[in-house]
Amino acid sequence: MTFDASETAFQDPDTDPHANDAAPYGGGDPYADYREAGDLPFTELVDLADRRLGAGVIAANDEFFAERENLLIRERAVFDPERFGHKGKIMDGWETRRRRGADAGHPFPAPEDHDWAIVRLGAPGIIRGLIVDTAHFRGNYPQRVSVQAASVEGAPGPEQLLADDVKWEEILPPTPVRGHAANAFEITGGRRYTHLRLCQHPDGGIARLRVHGEVVPDPAWLAALGTVDLLSVLNGGTYEDASDRFYSSPTQIILPGTSRKMDDGWENRRRRVRDTNDWVRFRLPAQGAVRAVEIDTAYLKGNSAGWIALQGRNGDTGEWFEIIPRTRLQPDTLHRFVLRAQAVVTHVRLDAFPDGGVARMRLHGSLTESGAAELARRYEESRA
C-alpha cells in the first residue's frame with residue numbers, strides 16, 4: 001500500500017515519464033515545494049536502519065555522483081545549488097550515473113537494468129514501513145524503486161550477501177516514486193530480516209532511506225549476556241505512548257549509547273497547566289525482572305525534568321505499582337538507582353514533573369523464565 005500526503009496518486013511513468021517530476025529549483029527555500037509523506041502510523045516505530053543502532057550501507061553497484069552512505073544520515077538532506085565537483089553536481093544522497101543501452105541502435109537501458117545498494121539493519125526485525133526520500137532529486141530520481149530483504153545471521157560481507165544461496169524476498173515490487181518527495185510504503189508480513197537491497201529502476205538518486213519496524217532480538221544472545229538493558233531498542237524495547245513529543249521522539253530515550261546533544265533524547269514543550277505532568281510509557285520485549293535503573297539528563301541543562309517517578313506493571317491489564325518514588329533530578333547528570341527488590345514488569349511508565357527532558361533511561365535486569373519463553377516463541381515465528 002502506498003501513502004501519499006497530497007492525495008495525488010503516483011503516476012505511471014510508462015504513460016508519462018515526467019509526471020512524477022518536481023519543478024526545477026527556482027531559488028529560495030529548497031523545501032518550499034517538497035512533498036511530505038503526511039501522518040503515517042508506522043513512523044512511530046523505530047528506524048531499523050538508524051546508524052545509531054549500527055546500521056550501514058555496505059555495498060552498491062554504482063555511486064558515481066553521490067555516496068551510498070548518505071542514505072542513512074539522520075538529518076534531512078541539504079541542497080546547495082552552487083556546489084559542483086569534478087564529476088558534476090554534488091548531491092546529499094545516493095546518486096548513480098545515467099545508464100545507457102547496448103549500442104547506438106538501443107540507447108536506452110534494458111527494462112531489467114537497475115542499480116542497487118545493500119543496507120545492513122542496525123537491529124534485525126519486522127519491517128512495517130519504508131520512506132524512500134527523493135528530496136532535491138527533482139528530475140534525476142529513479143522512475144521506480146524496489147526493495148528486497150534477506151535474513152543472514154552473523155556479520156556477512158557483500159560477497160556472502162550476493163552469493164547464489166542467499167534468499168532475497170521482494171517486500172516492495174518495482175513501484176513508481178515522485179521526485180523531491182517523501183515516498184512512503186506500508187509493508188505487510190511478519191518475517192524478521194537483517195539486510196535490505198534497495199534498487200533504483202533504471203538509475204537516479206535517492207536522498208534518504210528510513211526502515212520502520214519492530215525489533216526482534218535473538219533470545220540466545222540475551223540469555224548469554226545475562227543482565228541486559230531490558231528497555232533498549234536493540235533488545236526489543238518499544239515506546240508505546242507519551243503525553244507530549246513536541247521536540248523529539250520518546251524512542252530516543254531507549255537508544256543505545258549516550259546522547260550527543262540536547263535533541264538526542266526526549267524533550268517536551270513547557271507545561272502550563274498546574275497539577276498535571278508529562279509521561280512516557282514503554283513495553284519491554286517480554287516479561288523481565290528489573291534490578292537497577294539509570295536515568296540520564298545529559299546535555300539537558302536548563303530544560304531537564306525537575307523530578308521523575310517510575311511505575312511498572314506486569315501484563316497489559318496489570319495494576320501499576322511504584323518502582324522509583326518521585327525523585328529530584330540534576331541537569332546534565334547520570335542518575336543510578338539500585339532497587340531494594342527486583343521489579344517484575346512488562347511495561348514501565350516514566351513521569352516527569354512538571355515537564356522537561358530525559359536523555360536516556362535503562363532498565364538493567366534479565367528476562368524471567370516466562371519472558372524468555374515468550375520471546376523465543378516470537379523469534380521462531382518471525383523466522384518461519
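The nearest pair of heavy atoms linking Leu53 to Ala123 is CD1-CB, 4.1 Å. Here the closest heavy-atom approach between residue Pro142 and residue Val177 is recorded as O-CG2, 3.2 Å. Smallest separation of non-hydrogen atoms from Pro174 and Glu170: CD-OE2, 3.6 Å.
With Leu231 as the partner, the side-chain contact (heavy atoms from CB on, under 4.5 Å) test is satisfied by one option alone out of Met361, Arg283, His364, Arg360: Met361. Thr346 pairs with exactly one of Asn314, Leu230, Leu284 by the side-chain contact (heavy atoms from CB on, under 4.5 Å) rule, that one being Asn314. When Glu267, Arg52, Arg245 are each tested for a side-chain hydrogen bond (donor to acceptor under 3.5 Å, both in side chains) with Gln252, only one passes: Arg52. Under the side-chain hydrogen bond (donor to acceptor under 3.5 Å, both in side chains) test applied with Tyr141, the options Asp21, Thr134, Asn20, Asp133 reduce to a single match, Asp21. In summary, of the residues considered (Asp62, Asp115, Asp203), a side-chain hydrogen bond (donor to acceptor under 3.5 Å, both in side chains) with Thr96 occurs for Asp115 alone. A ring-ring contact (aromatic ring centres under 6.0 Å, His included) with Tyr25 is found for exactly one of Tyr34, Phe79, Phe137, namely Phe79. When each of Thr276, Asp355, Asn277 is tested with Arg271 by the rule side-chain hydrogen bond (donor to acceptor under 3.5 Å, both in side chains), just one qualifies, namely Thr276.
For the pair Leu255/Leu234, no side-chain contact is recorded, criterion being any heavy-atom separation below 4.5 Å from C-beta on. In this structure, the side chains of Val290 and Gln342 stay at 4.5 Å or more apart for every pair of heavy atoms. Two residues are said to be in side-chain contact when any heavy atoms from C-beta on lie closer than 4.5 Å; Leu161 and Pro156 meet this criterion. Proximity of His347 to Glu240: side-chain heavy atoms (C-beta onward) are separated by under 4.5 Å at one or more points.
Thr297 contributes a side-chain N or O that, together with a main-chain N or O of Thr333, makes up a donor-acceptor pair within less than 3.5 Å. Judged by distance alone, the side chain of Asn268 and the main-chain N or O of Gly356 form a donor-acceptor pair under 3.5 Å. The main-chain N or O of Tyr299 is never found under 3.5 Å from a side-chain atom of Lys261 such that the two would form a donor-acceptor pair. With hydrogens and angles disregarded, a donor-acceptor distance shorter than 3.5 Å links the side chain of Arg120 to the backbone of Gly54. For Glu294 (side chain) and Phe337 (main-chain N/O), no donor-acceptor pair under 3.5 Å exists by modelled atom type. With hydrogens and angles ignored, the 3.5 Å screen pairs no side-chain donor or acceptor of Thr43 with any backbone N or O of Pro41. At distances below 3.5 Å, not a single donor-acceptor pair connects side-chain atoms of Arg210 with backbone N or O atoms of Ala49.
Between the CZ atom in Arg192 and the CZ atom in Arg378 there is a gap of 12.0 Å [rounded to 0.5 Å]. Remark: Glu75 CD to Asn70 CG distance equals 11.5 Å, nearest 0.5 Å. Atom CG of Asp263 and atom OG of Ser249 lie 12.0 Å apart (nearest 0.5 Å). Note that CG of Leu350 is 6.5 Å distant from CH2 of Trp266, once rounded to the nearest 0.5 Å. Between the CZ atom in Arg313 and the CZ atom in Arg349 there is a gap of 10.0 Å [rounded to 0.5 Å].
Stacking of Lys89 on the aromatic ring of Phe65 is not recorded, the 6.0 Å distance cut-off and the 45° axial limit not both being met. Remark: Arg68 fails to qualify as a cation-pi partner of Trp94 under the 6.0 Å distance and 45° angle criteria applied to the six-membered ring. With Trp168 as the aromatic partner, Arg197 meets the cation-pi criteria of under 6.0 angstrom to the ring centre and within 45 degrees of the ring axis.
Looking at Arg383 and Asp218, no side-chain N of the basic residue comes within less than 4.0 Å of a carboxylate O on the acidic one, giving no salt bridge. With salt bridges taken as basic N to acidic carboxylate O contacts below 4.0 Å, one links Asp47 and Arg74. Remark: Arg128 engages Glu214 in a salt bridge, criterion side-chain N to carboxylate O under 4.0 Å.
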task = For Asp33 and Arg138, run salt bridge (charged side-chain N to carboxylate O under 4.0 Å, His left out): C-alpha distance rounded to whole Å, both residues' side-chain angles, the deciding distance at 0.1 Å, then the answer.
result = CA-CA 11 Å; Asp33 59 343; Arg138 296 168 175 268; 2.8 Å; yes

inquiry  = With salt bridge (charged side-chain N to carboxylate O under 4.0 Å, His left out) as the criterion, how do Arg76 and Glu36 come out once you've worked through the C-alpha distance, each side chain's angles and the decisive distance to 0.1 Å?
reply    = CA-CA 12 Å; Arg76 69 187 335 200; Glu36 300 280 356; 3.8 Å; yes

task = Please lay out, stage by stage, how Asp12 and Arg144 fare under the test salt bridge (charged side-chain N to carboxylate O under 4.0 Å, His left out).
result = CA-CA 9 Å; Asp12 184 353; Arg144 292 180 174 84; 3.2 Å; yes

Leu172/Ser146 under side chain to side chain contact (heavy atoms under 4.5 Å, CB included): CA gap, chis, key distance, verdict = CA-CA 5 Å; Leu172 179 68; Ser146 65; 5.5 Å; no

task = Test Ser151 against Thr194 for side chain to side chain contact (heavy atoms under 4.5 Å, CB included), laying out the working first.
result = CA-CA 5 Å; Ser151 183; Thr194 61; 4.1 Å; yes

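The ring of Tyr31 has its center closer than 6.0 angstrom to the ring center of His136.
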